[in-house]
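These notes are about the structure you will find just below.
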Amino acid sequence: MASISRPIRHCAGGKPSASQAIAELANNLLREIYANIARHAAPGSKVDLSVMLRPNAIEITQINPMKEDMAGADERDDELPGGHGLASFKKQLESYQGTLTTSAQDGSWTLFAYIPVTVIDDSPGLLEQVQV
């Protein structure tokens, strides 16, 4: 299992913009996703994991084939083993107006998380940047 040594603390633009609470939530969700990959992905399968840092949000997408013993039926995330952790994260994300959706169809597991980030623009205005 991979470890996350550098936490997410900023979005596109290079300026810190995620609050400490949002940064912790995003990093803890990534740890849960990595743990679920280790538990539920089919051995030797390809796992697609994308973390997009947008100016006002963090978007996480995961797609992977499920193990054969789990791939036989379409199931909701709260019925999959380990789904209780994701259900908790879903509630946390919703408290910040974010979303977490999962689906299991045709032997493939998909997760999408949207974590809004409040952008604090404290950069100097154009007039403050120009020295006369």
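The residues of the chain are indexed from 1 along the displayed sequence. Keep in mind the model is a prediction, meaning the values are calculated, not measured.
Distance CZ/Phe89 to CG/Leu111: 11.0 Å, rounded to 0.5 Å. To the nearest 0.5 angstrom, Tyr114 atom OH is 8.0 Å from Thr99 atom OG1. In this structure, CG in Asn28 is found 7.5 Å from CD in Gln92, a value given to the nearest 0.5 Å. Interatomic distance, Ser103 OG to Trp109 CH2, rounded to the nearest 0.5 Å: 7.5 Å. With values rounded to the nearest 0.5 angstrom, Ser88 atom OG is found 9.5 Å from Leu93 atom CG. Distance check, rounded to the nearest 0.5 Å: CG of Leu29 to CD1 of Ile60 gives 4.5 Å.
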**Study point:** Candidate pair Leu49 and Ile33, rule side-chain contact (heavy atoms from CB on, under 4.5 Å), full reasoning
**Key:** CA-CA 9 Å; Leu49 178 62; Ile33 289 169; 4.0 Å; yes
Practice item. Just do the side-chain contact (heavy atoms from CB on, under 4.5 Å) check on Tyr96 and Ile115 with the steps written out, would you? Key: CA-CA 8 Å; Tyr96 290 101; Ile115 308 167; 5.9 Å; no
Exercise for review: With side-chain contact (heavy atoms from CB on, under 4.5 Å) as the test, would you mind laying out the steps for Ile37 and Val47 before giving the verdict?
Suggested key: CA-CA 8 Å; Ile37 289 170; Val47 175; 3.6 Å; yes
Practice item. Using the side-chain contact (heavy atoms from CB on, under 4.5 Å) rule, take Asn64 and Ser108 through it: C-alpha gap first, then chi angles, then the decisive distance, then the call. Key: CA-CA 6 Å; Asn64 63 269; Ser108 186; over 6 Å; no
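Side-chain contact between Lys91 and Ser95 is absent, with no heavy atoms from C-beta onward closer than 4.5 Å. Two residues are said to be in side-chain contact when any heavy atoms from C-beta on lie closer than 4.5 Å; Met52 and Ser50 meet this criterion. In this structure, the side chains of Ile58 and Arg54 stay at 4.5 Å or more apart for every pair of heavy atoms. The shortest side-chain heavy-atom distance between Val117 and Asn56 does not fall under the 4.5 Å cut-off.
The cluster map of Ile, Leu, Val, Met, Phe, Trp and Tyr, joined by side-chain heavy atoms under 4.5 Å apart, puts Leu25 and Val51 in the same cluster.
Summarising the geometry of Gly98 relative to Pro116, their closest heavy-atom pair is CA-CD, 3.5 Å, with the distance given to 0.1 Å. Of all non-hydrogen atoms in Glu32 and Leu86, the two that sit nearest each other are CG-CD2, 3.9 Å.
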